[in-house]
Amino acid sequence: MARALQLAERGLETTTPNPRVGCVIAQGDRIVGEGWHARAGEAHAEVLALAEAGAAARGATAYVTLEPCAHHGRTPPCTDALIAAGIARVVAAMGDPNPAVQGRGVARLAQAGIAVSTGLLEAQAIELNRGFVSRMTRQRPWIRLKLATTLDGKTALNNGVSQWVTGPAARADGHRWRARACAILTGIGTVKADDPQLTVRAVACQRQPLRVVVDARLDISPDARLLDGRPVLVAAAQVDPDKRDALARRNAEVVCLPNPHGKVDLPALITELARRGLNEVHVEAGFKLNGSLLREGCVDELLIYQAAMLVGDSAQGAFNLAELTSLADARRLEVIDRRSIGDDVRLLARLVAP
């Protein structure tokens with residue numbers, strides 16, 4: 001199963017909206033076939049592993065990181081392929097949270113006389129597909145907010161200068177996290193201040209994530225660098241037809257999602273991103289949007305790169321949040337991973353439910 005998870009990781013950047021899945025077929029302790037799902041519409045991991053195994057699949061065990069599908073989507077059911085190949089046993093790391101599959105794959109295999117078990121390395125399998133699980137069970141993508149801060153928790157000087165807080169190794173690592181995301185989200189303030197491209201550049205990438213800009217009044221310039229002809233989604237609270245049409249000519253789609261205060265309804269935007277099949281969203285924004293996303297319950301985890309420098313009280317913080325008078329009201333985080341990246345420290349921390 002560990003090998004199947006390694007194979008599934010090969011689809012880290014490409015499978016969206018599908019989950020990342022790997023499969024290993026073994027006769028005893030001998031591997032006879034391997035496969036992994038690359039992208040939607042192409043063969044699933046089980047089918048590729050069966051093709052490599054050939055006749056050796058009969059009587060073998062299939063180790064697969066996700067419950068095999070039992071429905072017709074873009075491809076035929078994997079359960080039928082496993083049954084036809086004569087597989088004797090299927091070990092799935094986790095059940096499929098997709099309501100179209102959930103339990104049906106296991107039931108179909110069991111009905112055919114195949115021994116089925118689930119739960120082997122389940123935690124690792126869930127972690128690999130955190131975004132897919134979130135979208136299937138919560139109808140929202142997994143939202144990861146990335147920060148580059150100093151030791152005193154600042155993200156930029158008071159004059160807006162923020163390049164570069166962290167070193168080249170940390171910046172390249174941040175691009176790896178961009179690459180695995182389905183979308184990169186930012187705010188109009190960051191677009192105006194930095195004119196970012198919001199692309200994956202520091203590492204090899206098989207496809208560029210969708211760029212999403214929160215821009216209540218459609219203030220984005222048609223000359224902004226991120227409007228490079230590749231798809232961009234702009235979330236607004238009001239729509240000027242002329243501005244919308246100018247953005248459309250740059251391949252930018254405008255979606256109007258106002259809240260009662262004349263700003264973009266952020267929870268509605270998160271729901272819209274899930275509706276579009278996005279599993280993981282990577283946020284790189286300023287302290288105002290960061291604070292709004294946190295306040296409105298739109299953040300699942302923080303990816304924090306911390307540099308060994310101090311810049312003082314007047315520099316910009318990471319979140320625009322209200323003052324607290326009691327530490328009991330502080331938002332708590334659980335650190336999932338902590339490691340050194342070049343000269344900086346990277347923390348992956350998840351918000352603890354109040």
Separation of Arg180 CZ from Gln206 CD (nearest 0.5 Å): 14.0 Å
Are the side chains of Val281 and Val212 in touch, meaning some heavy atoms are under 4.5 Å apart? no
Residues Val47 and Cys78: closest non-hydrogen pair is CG2-SG, 4.3 Å
Please check if the side chain of Arg144 supplies one atom and the backbone of Trp177 the other of a donor-acceptor pair under 3.5 Å. no
Assigning hydrophobic clusters by single linkage (Ile, Leu, Val, Met, Phe, Trp, Tyr; side-chain heavy-atom cutoff under 4.5 Å), is Leu273 placed with Val214? yes
Within the side chain of Thr65, is there an N or O that forms a donor-acceptor pair under 3.5 Å with the backbone of Gly22? yes
Determine yes or no for a side-chain-to-main-chain donor-acceptor pair under 3.5 angstrom, with Arg140 supplying the side chain and Ala274 the backbone. no
With a cut-off of 6.0 Å (strictly less than), are more than 12 heavy atoms of other residues, nucleotides or ligands near CZ of Arg295? yes
Do Phe319 and Leu293 come within less than 4.5 Å of each other through their side chains, counting heavy atoms only? no
Are Val32 and Trp36 in one and the same hydrophobic cluster, where Ile, Leu, Val, Met, Phe, Trp and Tyr link if side-chain heavy atoms are under 4.5 Å apart? no
Shortest non-hydrogen contact from Ala57 to Ile25? CA-CG2, 4.4 Å
Leu269 reachable from Leu218 in the ILVMFWY side-chain graph, under 4.5 Å edges: no
Side-chain heavy atoms of Ile270 within contact of Ile143, under 4.5 Å: yes
Taking all atoms of both residues into account, what is the closest heavy-atom pair of Ala125 and Leu5, and its distance? CA-CD2, 3.8 Å
Interatomic distance, Leu289 atom CG to Asp215 atom CG [nearest 0.5 angstrom]: 11.0 Å
Just how far is it from atom CG of Leu109 to atom CG of Asp80, taken to the nearest 0.5 Å? 9.0 Å
Taking the side chain from Thr199 and the backbone from Arg201, do they hold a donor-acceptor pair closer than 3.5 Å? no
Around atom CG of Asp313, are there more than 12 heavy atoms from other residues, nucleotides or ligands closer than 6.0 Å? no
Note, Pro97 side chain near Leu66 side chain (heavy atom, < 4.5 Å): yes
Can you find a heavy atom in the side chain of Glu9 that is under 4.5 Å from one in the side chain of Leu128? yes
Heavy-atom check, side chain of Pro267 versus side chain of Cys298, under 4.5 Å: yes
Report the C-alpha distance between Ile87 and Glu46 in whole Å, list the side-chain angles of each, state the deciding distance to 0.1 Å, and finish with yes or no for side chain to side chain contact (heavy atoms under 4.5 Å, CB included). CA-CA 11 Å; Ile87 288 289; Glu46 299 94 320; over 6 Å; no
May I ask you to test the Pro17-Arg135 pair for a side-chain heavy-atom distance under 4.5 Å? yes
Test of understanding: clusters of I, L, V, M, F, W, Y form through side-chain heavy atoms closer than 4.5 Å, transitively. Do Leu348 and Leu333 belong to the same one? no
Without swapping roles, check the side chain of Arg3 against the backbone of Val24 for a donor-acceptor pair under 3.5 Å. no
So, applying side chain to side chain contact (heavy atoms under 4.5 Å, CB included) with Cys256, which one of Val239, Asp265, Val264, Val234 is it? Val239
Please report the shortest heavy-atom distance between Thr155 and Thr149, naming the atom on each side. CG2-CG2, 3.9 Å
Side-chain (Arg225) to main-chain (Asp195) donor-acceptor, under 3.5 angstrom: yes
Rounded distance [0.5 Å steps], CD in Gln124 versus CD1 in Ile126: 9.5 Å
Look at Asp228 together with Arg230 and state whether they make a salt bridge at an N to O cut-off of under 4.0 Å. yes
Just by modelled atom types, is the Lys288 backbone N or O under 3.5 Å from a matching donor or acceptor in the Ser292 side chain? yes
Could you tell me whether a side-chain N or O of Glu67 sits under 3.5 Å from a main-chain N or O of Ala92, the two making a donor and an acceptor? no
Taking every non-hydrogen atom, the tightest pair across Ala285 and Thr186: CA-OG1, 3.8 Å
Is the shortest heavy-atom distance from the side chain of Leu351 to the side chain of Leu294 under 4.5 Å? yes
Could you name each residue pair satisfying side-chain hydrogen bond (donor to acceptor under 3.5 Å, both in side chains) that touches residues 340-352, not counting sequence neighbours? Glu127-Arg350, Asp173-Arg346, Glu301-Arg350, Asp337-Arg346
Donor-acceptor pair, distance only, cut-off 3.5 Å: does the side chain of Gln238 make one with the backbone of Ala216? no
Shortest non-hydrogen contact between Gln208 and Val200, atoms and distance: OE1-N, 2.8 Å
Quick one: list whatever passes ring pair (Phe, Tyr, Trp, His ring centres under 6.0 Å) with His282, sequence neighbours left out. none
Assess whether a salt bridge exists between Asp96 and Arg104, defined as any Lys/Arg side-chain N lying under 4.0 Å from an Asp/Glu carboxylate O. no
Arg20 and Asn129: side-chain donor and acceptor closer than 3.5 Å? no
Going through the checks in order, is the side chain to side chain contact (heavy atoms under 4.5 Å, CB included) test met by Arg108 and Ile83? CA-CA 9 Å; Arg108 175 77 180 94; Ile83 294 167; 3.6 Å; yes
Are Leu185 and Val255 linked, directly or through other ILVMFWY residues, by side chains that come within less than 4.5 angstrom of each other? yes
Calculate, to the nearest 0.5 Å, the distance between atoms SG and OH belonging to Cys23 and Tyr63 respectively. 11.0 Å
Between Leu302 and Leu347, does the side chain to side chain contact (heavy atoms under 4.5 Å, CB included) criterion hold? Intermediate values first, please. CA-CA 8 Å; Leu302 303 180; Leu347 299 177; over 6 Å; no
Given 3.5 Å as the limit, does a donor-acceptor pair link the side chain of Asp152 with the main chain of Val311, or not? yes
Does atom CZ of Arg338 have more than 12 heavy-atom neighbours from other groups under 6.0 Å away? no
State plainly whether the residues Arg276 and Glu253 are in salt-bridge range, i.e. N to O under 4.0 Å. yes
Interatomic spacing from CG in Asn98 to OG1 in Thr137 - rounded to 0.5 Å: 11.0 Å
Evaluate side chain to side chain contact (heavy atoms under 4.5 Å, CB included) for Asp245 paired with Arg249, printing each intermediate quantity in order. CA-CA 6 Å; Asp245 293 346; Arg249 289 192 288 272; 4.1 Å; yes
